[in-house]
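Because the structure is a prediction, the values reported are computed rather than measured.
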There are 2 protein chains.
Amino acid sequence: MSSEEDQRPLKRITSIDVAKRAGVSQSTVSRALNPNSKLSPALREKVLSSAKELNYRPNAIARGMSSRNTHIIGLTISDTVSSYYYKLLKLFTKKMHEAGLQLMLFNTSEHADMDRVLDRLIEYRVDSLIVEGVAVSKDFIGKCAEQEIPVILFGRNIPDVKAHTICLDDVACGRKVARLLHQTYAESYAFITAKEDKDSSRNRMTGFSDYLSEQGIPSPQVEGAGFSYEEGYAAAIRLLTGENPPDAICCVTDIIALGVMDAARHKLGLKIPEDLSVIGFDNIDEGKMDAFSLTTVSQPIEAMVDASIELLKAWQRNTPTEYDLQLFEGGLVLRDSVRTLKN
Amino acid sequence: MSSEEDQRPLKRITSIDVAKRAGVSQSTVSRALNPNSKLSPALREKVLSSAKELNYRPNAIARGMSSRNTHIIGLTISDTVSSYYYKLLKLFTKKMHEAGLQLMLFNTSEHADMDRVLDRLIEYRVDSLIVEGVAVSKDFIGKCAEQEIPVILFGRNIPDVKAHTICLDDVACGRKVARLLHQTYAESYAFITAKEDKDSSRNRMTGFSDYLSEQGIPSPQVEGAGFSYEEGYAAAIRLLTGENPPDAICCVTDIIALGVMDAARHKLGLKIPEDLSVIGFDNIDEGKMDAFSLTTVSQPIEAMVDASIELLKAWQRNTPTEYDLQLFEGGLVLRDSVRTLKN
DNA sequence: TTGAAAGCGATACCAT
DNA sequence: ATGGTATCGCTTTCAA
């Protein structure tokens, strides 16, 4: 629009500029901007209006340095590609914005050097860290704790971990799923678990198996797969072409379940749910599609994210010492990949 | 493990500690860590080893403050939920790590207050900004430019925007798609575009229509949809139950195409590709699934991300003045949602 | 080449 | 309640 070219870097307004304009000290400007600081309403008003006139934006980096509180929250991003994680990220970003926090991403893809990730976390002085997915070891979390980086373990339940855990009640959900399958005439059960994950996956399977054994039903066949469509696909073929093909498969994750459904239908020519019931976990968007209409267990992710944010906000003041475990109830989402209920 | 509780906050090692240990000045430590600074190899060696012994991690926040270079790259996260964006995010995070940059997320969901987003961008002194998706207006990008935040517009081509654009050659891809459909016996064409996007979508459609008109084929019917499965679904129903149902539909996005396929098959009982050819853009993972096997146009996202990183690295030193446009060639991914080629 | 000292832009402690 | 000043941990002149 304008024909002038900006030669020199634009000078950013600082709190000193605001102080001069308002005729107060620079410390007063700082106080005016911080709601917790006491200041006469009149002065605060004055400072705030000068700040607005000058279009002043405080320097969060400088604030972080002097207050030792960056308001930056780290989040590790895992390898599992699914719209579920994007949704989570979006939710976190949005709610953090509202809470005055900023999300910074850290790469933890397979074979990533976790020590370097820790270095980065420290270098950027993240106030806390959210760990989602399975890309992260208990050992790594322990190192974070040593470095006094409080961590929230999201969506995965590792026993005795030095982190606050926010997770689905996996055992209870496993039971629910088994009950549903049992109520819908399943005869031979299988469970596809995730090789990478010994915790939440195991809990889901535990609930699943426990319910079955309580009903006097033989233990389910178990297959291991990675968290992917392709591995679910392959696992399904192993199960369904094996000696004792199941007529009900519970998958530890929706993305695996989609692979199972496609293998069953398009590779093996089975009908779902007539020949095979399939059920997953997470309630990802893809499962809603007509092509799948996957019955699944939904996570109350909004409530889980809210709980995380509350925790982060609490941590902003006082460093945490004891870690807690918050379990959330999952809900059955009935669609068409499981035979209909007995009435 | 250990029974001692940490009472006081752990003291972080600073460059002064390293300086003392190495018996040099603090400025020398700074130089030793910065490869561009000149320093006798012997001294550098000495400093580096002391740093390692003390397990020193430089404070990126302090560095950002004094050097006015935070190495933080902002990225706006849009509303469109798709595994494609997660994949992109993962790639960016990984490659930025390698380049010594950190990704910070900014929320630009619908009806977000973009002025507040800009404030945050400035407050955290991001070195540059990557804008992906459609959540961002030309006006907003202009404001960023005013604030001297260099921006990369990724995956969308807005004319005369004050940003460096990294994008698919949408027009050329549109032509390719039209040609494929034409070669595979299509008779009546439709194009489903995105209402929110007047730029890349239009270019894709332009290429598509141009090819058809060059072949003397009547213009395609055009439907508008949002970037979602559901809207694609609805648009397909409108088209296919209309007066002149097409036998080939090009969708501006894969996610829309999946909705179209499901509507055609599960709602209207059509066979794909026998009754209807469907083609999309982006090559998202979901399209690979057997349930869809969607023919599509793939973006060379790795090359596009690499190009972005190169740009960011170049920008780290010298502020950019002129903006450029980098177009990337898309490739046809032939699967089963389009009738087979004439031999 | 290296060291000393001056910022960077806030917060926080100590006075008043 | 407000102002003055030290401080956070670096980078970057400026001297030597």
**Item:** Overall bend - the helix from C:dT1-D:dA16 to C:dT16-D:dA1, comparing terminal axes fitted on five pairs, nearest 10 degrees
**Value:** 40°

**Message:** In whole Å, I'd like the distance from the CG atom of A:Asn36 to the C1' atom of D:dA1.
**Reply:** 16 Å

**Prompt:** Separation of B:Ile13 atom CD1 from D:dG9 atom P, in whole Å?
**Reply:** 11 Å

**Spatial distance of atom NZ (B:Lys87) from atom CG (A:Asp79) [nearest 0.5 Å]** = 11.5 Å

**Over 12 foreign heavy atoms within 6.0 Å of NZ, B:Lys90** = yes

**Fill in**
Contact string for nucleotides 11-16 of chain D, one letter per nucleotide 5' to 3', B = base within protein heavy-atom range under 4.0 Å, S = sugar-phosphate only, - = neither, reads BBB---

**A:Met65 CE to D:dG9 P, straight-line distance once rounded to whole Å** = 8 Å

**Complete:** Between B:Lys138 and B:Pro159 the two heavy atoms that sit nearest each other are NZ-O, 2.9 Å

**Prompt:** Which residues within residues 39-49 of chain A lie with some heavy atom under 4.0 Å of an atom in DNA chain D?
**Reply:** A:Leu39, A:Ser40, A:Leu43

**Asked** Between A:Tyr124 and A:Phe106, does the ring centre distance come in under 6.0 Å?
**Response** no

**Message:** Test of understanding: with side-chain contact (heavy atoms from CB on, under 4.5 Å), list the residues that count as partners of B:Asn36, not counting sequence neighbours.
**Reply:** B:Asn34, B:Arg317

**Asked** Does any pair with a residue in residues 33-89 of chain B pass ring pair (Phe, Tyr, Trp, His ring centres under 6.0 Å), and if so which ones, sequence neighbours excluded?
**Response** A:Tyr85-B:Tyr86, A:Tyr86-B:Tyr85

**Prompt:** Can you check the B:Lys20 NZ to D:dG9 C1' distance for me, whole Å?
**Reply:** 13 Å

**Prompt:** Can you tell me how far OG of B:Ser128 sits from NZ of B:Lys313, rounded to the nearest 0.5 angstrom?
**Reply:** 13.0 Å

**Asked** Roughly how far, to the nearest 0.5 Å, is the OG1 atom of B:Thr165 from the CG atom of B:Asn157?
**Response** 5.5 Å

**Item:** Point-to-point distance, once rounded to the nearest 0.5 Å, from CD1 of A:Ile61 to CD1 of A:Ile72
**Value:** 5.5 Å

**Request:** Flag yes if more than 12 heavy atoms outside B:Lys95 fall under 6.0 Å of its NZ atom; otherwise flag no.
**Result:** yes

**Item:** Heavy-atom pair of closest approach, residues B:Ser50 and B:Arg21
**Value:** CB-CG, 3.8 Å

**Message:** Reading DNA chain C in the 5' to 3' direction, which nucleotide is the first one with an atom under 4.0 Å from a heavy atom of chain A, and which is the last?
**Reply:** C:dG9 to C:dC13

**Fill in**
In this structure, CG of A:Asp113 is separated from CG of A:Leu118 (nearest 0.5 Å) by 10.0 Å

**Request:** Keeping the roles fixed (side chain from B:Arg125, backbone from B:Met65), state whether a donor-acceptor pair exists under 3.5 Å.
**Result:** no

